[in-house]
Amino acid sequence: MDRDELVDLTRRALKIATDKTTDMTVSERRQPAAAYTDQERFRRERELVLRSPQLVGYRSELPTPGSYTTKTVMDVPVLLTRGSDGVVRAFQNICAHRQAPVAQGCGEAERFVCPFHAWTYDNRGCFVGGPGREGFPTTLGSGAPGTGPALTELPAAEHSGFLWVGLRPQDGPLDIATHLGELGPELESWNIGNWAPVGEKVLDAQANWKFVLDTFAENYHFATVHKDTFALFTRSNCALFDSFGPHHRLVFPMRNIVDLQDQPEESWEPLNNFVVIYALFPNIVLSCTVANGEVFRVYPGREAGHSVTYHQNASPMDLTDEATRKAADDIFEYAHATVRDEDFRLAGDIQRAFASGARPELVFGRNEPGLHHRHAAIDEALGEKLGG
């Protein structure tokens with residue numbers, strides 16, 4: 001976003017903070033509790049996520065030709081590489097022999113050697129050698145370059161500062177520009193993709209994947225759930241909402257935003273006064289501040305009442321400095337611990353209430369437009385309306 005757009009958001013955020021209100025929908029929405037417990041619905045939602053482009057990390061995780069990183073996406077082990085041509089490629093991180101992972105962690109490598117039997121692949125996924133060739137005359141063939149087995153390549157893209165993969169090779173190339181629509185240039189403008197990765201943590205939750213996403217779709221709960229953490233510096237029940245097709249953006253004003261009333265707009269520093277939360281359909285949350293670019297990759301788990309979330313953070317600070325690195329790590333740990341110990345702990349309790357069947361429905365308030373939008377978008381994608 002350019003400064004004019006940021007100032008416009010600041011004006012809007014300042015007004016709702018001053019008026020002590022929030023963006024609202026026309027009416028409430030009644031949501032069946034079965035939306036979070038029904039196994040058949042869960043199966044269809046899982047297929048929706050599987051066929052959707054998946055944001056899996058930052059451009060800066062593959063900084064140079066020869067760099068690589070590994071991910072787990074919907075239980076699929078994934079290897080991403082940047083070739084000598086600068087192109088990002090993705091593969092199932094699974095050896096063609098006995099399916100062991102061929103890479104761990106991240107770094108730089110021209111070759112990936114399976115730890116089980118030393119079958120070796122280059123960073124384009126091609127088999128380049130291994131012992132005991134005589135035992136595999138059909139699989140390994142003549143041994144000429146390009147004739148042996150290969151890692152299964154996945155659709156991959158580098159777009160808006162982020163790394164993307166598709167989990168279905170048969171679906172062909174990814175079209176992230178179309179997927180993101182007008183939101184793509186806005187994401188790129190943050191430059192988060194070039195920030196330094198801080199780390200990645202995993203949250204395994206006994207809660208439906210949509211309910212986990214729901215916790216990022218409103219700040220109505222801040223004054224109670226986060227009264228001693230996020231609510232100390234961010235306003236509760238005060239947010240801007242804008243939709244972009246199936247995606248949306250929320251702006252959470254900081255407590256100090258009302259100080260801008262007496263300051264000329266030319267002196268405003270917009271990003272010091274709010275947090276921006278993007279919901280990228282169907283299962284990604286991106287939280288942006290002047291100092292952090294957090295990604296939450298939320299995946300349906302084993303069943304309707306289970307999910308797995310990968311939480312990453314990136315910083316614009318110079319992390320080669322030891323003190324700065326510690327500060328970035330501390331910020332990440334604070335945010336992660338707050339989500340884990342406050343949001344996710346309560347989510348487990350609520351999921352058990354859903355599963356009990358004691359109450360057949362819940363309600364989304366007019367002050368929770370992010371919830372209305374996300375669930376309506378999923379309903380539309382599946383051709384099945386649950387709430388209303």
Practice prompt. Flag the pair R11 and D8 as a salt bridge only when some basic side-chain nitrogen lies within less than 4.0 angstrom of an acidic carboxylate oxygen.
Written response: yes

Side chain to side chain donor-acceptor pair (under 3.5 Å) assessment of Q31 paired with R29:
CA-CA 6 Å; Q31 184 75 0; R29 174 184 170 116; 2.9 Å; yes

> Parallel under 30°, tilted from 30 to 60°, perpendicular over 60°: which one fits the rings of Y36 and H375?
Replying inline: perpendicular

message = Once you measure the plane-to-plane angle for Y334 and F230, does it fall in the parallel (<30°), tilted (30-60°) or perpendicular (>60°) bin?
response = perpendicular

With a 4.0 Å cut-off on N to O distance, would you call R302 and D75 a salt bridge?
no

Item to complete: Verify the neighbour count for atom CD of E153: are there more than 12 heavy atoms of other residues, nucleotides or ligands below 6.0 Å?
Response: yes

Short question: side chain of T81, backbone of G83 - any donor-acceptor pair under 3.5 Å?
no

Sidechain-backbone polar pair: D85 side chain, V87 backbone, donor-acceptor under 3.5 Å: yes

Pair E188, R59 - check salt bridge (Lys or Arg N to Asp or Glu O under 4.0 Å), show working. CA-CA 11 Å; E188 181 72 58; R59 173 194 293 145; 3.3 Å; yes

Original post:
Going by atom types only, do N237 and T22 share a side-chain donor-acceptor pair under 3.5 Å?
Top reply: no

| Would you find a donor on one side and an acceptor on the other, under 3.5 Å apart, between the side chain of K71 and the backbone of V78? | no

Discussion item. Quick check: F127 with W119 (ring centres under 6.0 Å apart)?
Written reply: yes

Using a distance-only test with no angle check, is there a side-chain donor-acceptor pair under 3.5 angstrom linking Q312 and R297? yes

Are T70 and Q104 linked by a side-chain donor-acceptor pair shorter than 3.5 Å? no

### Message
Quick test of your reading of the model: are E47 and R44 salt-bridged, counting only N-O distances below 4.0 Å?
### Response
no

Next item on the list: Take atom CZ of F244 as the centre, draw a 6.0 Å sphere, and report whether it contains more than 12 heavy atoms from other residues, nucleotides or ligands.
Entry: yes

Task: R374/D379 under salt bridge (Lys or Arg N to Asp or Glu O under 4.0 Å): CA gap, chis, key distance, verdict - done: CA-CA 9 Å; R374 169 176 292 113; D379 284 354; over 6 Å; no

Grouping I, L, V, M, F, W and Y whenever their side-chain heavy atoms are under 4.5 Å apart, do L280 and V251 come out in a common cluster? yes

Check: S60 side chain, N194 main-chain N or O, donor-acceptor pair, under 3.5 Å
no

- Query: Would a distance-only check, ignoring hydrogens and angles, find a side-chain to backbone donor-acceptor pair under 3.5 Å from D122 to R111?
  - Reply: no

Return yes if a side-chain donor-acceptor contact under 3.5 Å exists between E200 and H311, otherwise no.
no

Can K201 be said to sit on top of Y310's aromatic six-ring, NZ or CZ under 6.0 Å from centre and within 45° of the ring axis? no

*Evaluate side-chain contact (heavy atoms from CB on, under 4.5 Å) for W195 paired with Y58, printing each intermediate quantity in order.*
CA-CA 8 Å; W195 292 4; Y58 310 100; over 6 Å; no

Would you find a donor on one side and an acceptor on the other, under 3.5 Å apart, between the side chain of E303 and the backbone of G305? no

To the nearest 0.5 Å, atom SG of C288 lies from atom OH of Y278 at 5.5 Å

Evaluate side-chain contact (heavy atoms from CB on, under 4.5 Å) for T21 paired with K15, printing each intermediate quantity in order. CA-CA 9 Å; T21 187; K15 178 168 176 50; over 6 Å; no

Rounded to the nearest 0.5 angstrom, the CG-OG distance for L286 and S160 is 10.5 Å

Item to check | R43 and E40: CA distance, side-chain angles, deciding distance, salt bridge (Lys or Arg N to Asp or Glu O under 4.0 Å) verdict | outcome: CA-CA 5 Å; R43 183 193 65 77; E40 176 56 25; 2.7 Å; yes

Open item on the list: Closer than 3.5 angstrom, by distance alone: can the side chain of H226 be matched with the main-chain N or O of N219 as a donor-acceptor pair?
Closed with: no

Sub-4.5 Å side-chain heavy-atom contact between L346 and I350: yes

Is it the case that the side chains of D204 and H306 hold a donor-acceptor pair, with the cut-off being a distance below 3.5 Å and no angle test?
yes

Shortest non-hydrogen pair, T139 vs P149, comes out as O-CD, 3.5 Å

Margin query: Run the side-chain contact (heavy atoms from CB on, under 4.5 Å) test on R235 and V258 for me, step by step, so that the C-alpha distance in whole Å, both residues' side-chain angles and the decisive distance to 0.1 Å come before the verdict.
Written below: CA-CA 11 Å; R235 291 175 174 267; V258 293; 3.3 Å; yes

Practice problem: Evaluate the criterion ring-ring contact (aromatic ring centres under 6.0 Å, His included) for residue pair H373 and H247; output intermediate values, then yes/no. | Solution: CA-CA 8 Å; H373 181 263; H247 319 292; 8.4 Å; no

task: Please determine if D23 and R12 form a salt bridge, counting it only when a charged side-chain N lies under 4.0 Å from a carboxylate O.
output: yes

* To do: Answer yes or no: is there a donor N or O on one side and an acceptor on the other, between the side chain of D321 and the main chain of A323, under 3.5 Å?
  => yes

OG1 of T18 to CD of Q261, rounded to nearest 0.5 Å, is 4.0 Å

Side chain T224, main chain H221, donor-acceptor under 3.5 Å:
yes

request  = Could you tell me whether D259 and R255 have a side-chain N and a carboxylate O separated by less than 4.0 Å?
outcome  = no

Point to revise | Centroid separation F252 to F274 less than 6.0 Å | key: no

Handout entry: Ring-ring centroid check F91 Y121, cutoff 6.0 Å
Key = no

F344 meets the ring pair (Phe, Tyr, Trp, His ring centres under 6.0 Å) criterion, sequence neighbours left out, with none

task: Carefully, step by step, assess W209 and E45 under the rule side chain to side chain donor-acceptor pair (under 3.5 Å).
output: CA-CA 10 Å; W209 72 285; E45 290 171 352; 3.0 Å; yes

Original post:
Is the closest basic N to carboxylate O distance between D349 and R345 below 4.0 Å?
Top reply: no

Original post:
Is a side-chain N or O of T120 found less than 3.5 angstrom from the main chain of A118, in a donor-acceptor match?
Top reply: yes

Please lay out, stage by stage, how E158 and R82 fare under the test salt bridge (Lys or Arg N to Asp or Glu O under 4.0 Å).
CA-CA 10 Å; E158 183 176 7; R82 189 181 297 279; 3.0 Å; yes

Next on the checklist: For R249, is there an ion pair with E186 - N to carboxylate O distance below 4.0 angstrom?
Outcome noted: yes

In this structure, CG of L187 is separated from CD1 of I176 (nearest 0.5 Å) by 11.0 Å

| Going through the distances and angles, do V276 and L250 end up as a side-chain contact (heavy atoms from CB on, under 4.5 Å)? | CA-CA 6 Å; V276 180; L250 293 164; over 6 Å; no

Output for pair (L79 CG, Y68 OH), nearest 0.5 Å, gives 8.5 Å

4.5 Å side-chain heavy-atom contact, L151 and Q92:
no

CD of E342 to OG1 of T215, rounded to nearest 0.5 Å, is 10.0 Å

Across all chains, not counting sequence neighbours, the salt bridge (Lys or Arg N to Asp or Glu O under 4.0 Å) partners of E28 are none

